Engineer: 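Quick one: the structure is below, and I'll ask about it shortly.
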Protein chains: 2
Amino acid sequence: MNNGRFSIAIHILTLLARAGDEWLSSEYLAGSVNINPVLVRKEISNLRRNGLIISKEGKNGGSRLAKPAEKILLSDVYQAVRQASLLGQNKNNPNPDCPVGRQINTHLDQLYLEAENAMVTKLNQTTLADFSKKFA
Amino acid sequence: MNNGRFSIAIHILTLLARAGDEWLSSEYLAGSVNINPVLVRKEISNLRRNGLIISKEGKNGGSRLAKPAEKILLSDVYQAVRQASLLGQNKNNPNPDCPVGRQINTHLDQLYLEAENAMVTKLNQTTLADFSKKFA
DNA sequence: TGTACTGTAATAAAAAACATTACAGAATGA
DNA sequence: TCATTCTGTAATGTTTTTTATTACAGTACA
């Protein structure tokens, strides 16, 4: 599930959801996630590319949600993180002389897609607003 | 989804499913998967622990399915691989002084569990026999 | 025009995955 | 019985991936 990146993205977005129209700095976000600010900026860059947040440069700058938390699905977050990281998966090179080895990647890809779809359908049922309501 | 291990496990099991009551050596299996035999033996060791295959030591030894492929669900394979690798996940240490950081792991764990369940439910619908029928 | 930010590249360090070597022990069968 | 062919596993090395750090140009504000 690409746990690491997804966790960071959700964490960032939850903080932004709770901050409303405030601009939060990458330094501040990094402080809560407890990772390096540059990593946060990279993930922000990705989330921005995917239309989930907007950023303001310069003094008093930072990031905020691009749209209401009610309109952001956790599956949107998943897709954003997945896109950037899942391209060019299949690292394994099974033996092409074996009837199983020759075909297995095709069948595995299909299986993974189906399994992933089931997961995404689930993530599709929760908005960022729902998720961030869980915090006191 | 712990892609690598799962792929290897499915590959091995598919080969065993097609081999019927023959004992296949780790060397042979490794040849089709195209990885080191020791890795295969490690995965076999895990699958055996989970009751999916049995092995025979010594000359003419090897491995075979512990039960008919019809009775092995892909979710069984997933669970076997997951167990061995997912223990002690949560590597991130969010800031405990932040209301979000303090609670996020709990909520993320729950979310992952739900998402994973959706996936497992899907994997639950395919047997190893179904999967291996796909090969010519 | 100094200060506080973002954006991004380049590099380094740490962690995880994977490969290799080595060897003890088990079963077989000549 | 003993050479052979396997498994099982530990120890170690290599490669890949992830994460962290440093550095600095550019932007906006006051």
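In what follows, chains are A, B, ... by sequence order, proteins preceding strands, each numbered from 1. Being a predicted model, the structure only gives us computed values, none of them experimental.
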Engineer: Compute whether any side-chain donor of one residue and acceptor of the other, for B:Gln79 and B:Asp76, lie under 3.5 angstrom apart.
Structural biologist: no

Engineer: Under 4.0 Å, heavy atom to any atom of DNA chain C: which of residues 28-36 of chain B qualify?
Structural biologist: B:Ile35, B:Asn36

Engineer: Could you pull out every donor-acceptor pair under 3.5 Å between side chains of residues 65-74 of chain A and any protein atom, sequence neighbours left out?
Structural biologist:
none

Engineer: If I take atom CZ from residue B:Arg102 and atom CZ from residue A:Phe135, how far apart are they, to the nearest 0.5 angstrom?
Structural biologist: 10.5 Å

Engineer: Starting at CG of A:Leu47 and ending at C1' of C:dT6, how long is that distance when rounded to a whole Å?
Structural biologist: 15 Å

Engineer: For A:Leu39 and D:dT22, give me the distance from atom CG to atom P, rounded to whole Å.
Structural biologist: 13 Å

Engineer: Is it true that a side-chain atom of A:Asn95 and a backbone atom of B:Gly31 form a donor plus acceptor pair closer than 3.5 Å?
Structural biologist: yes

Engineer: Would you please classify the geometry between the A:Phe6 ring and the B:Tyr112 ring as parallel, tilted or perpendicular, with 30° and 60° separating the classes?
Structural biologist: tilted

Engineer: For residues A:Cys98 and B:Leu15, determine if any side-chain heavy atom of one lies less than 4.5 Å from a side-chain heavy atom of the other.
Structural biologist: yes

Engineer: Write down the distance between CD (B:Glu43) and P (C:dC18), rounded to a whole number of angstrom.
Structural biologist: 11 Å

Engineer: Where along residues 13-22 of chain B does a heavy atom fall under 4.0 Å from DNA chain D?
Structural biologist: none

Engineer: Would a single hydrophobic cluster contain both B:Tyr28 and B:Leu13, if residues Ile, Leu, Val, Met, Phe, Trp and Tyr are joined by side-chain heavy-atom contacts under 4.5 Å?
Structural biologist: yes

Engineer: Salt-bridged, A:Arg64 to A:Glu22, with N to O below 4.0 Å?
Structural biologist: no

Engineer: Got a sec, which pairs hit side chain to side chain donor-acceptor pair (under 3.5 Å) with one end in residues 117-128 of chain B, sequence neighbours left out?
Structural biologist: B:Ser75-B:Asn124, B:Thr127-B:Asp130

Engineer: Among Ile, Leu, Val, Met, Phe, Trp and Tyr joined by side-chain contacts under 4.5 Å, find the other residues sharing a cluster with A:Trp23 and list them by chain and number.
Structural biologist: A:Ile54

Engineer: To the nearest Å, give me how far apart CH2 (A:Trp23) and P (C:dG7) are.
Structural biologist: 10 Å

Engineer: For every nucleotide of nucleotides 4-13 of chain D, 5' to 3': is a protein heavy atom under 4.0 Å from its base (B), only from its sugar-phosphate (S), or from neither (-)?
Structural biologist: BBBBBBB---

Engineer: Taking CG from B:Asn46 and C1' from C:dC18, how many angstroms apart are they, rounded to a whole number?
Structural biologist: 16 Å

Engineer: Donor-acceptor pair, B:Asn50 side chain versus B:Leu52 backbone, under 3.5 Å?
Structural biologist: no

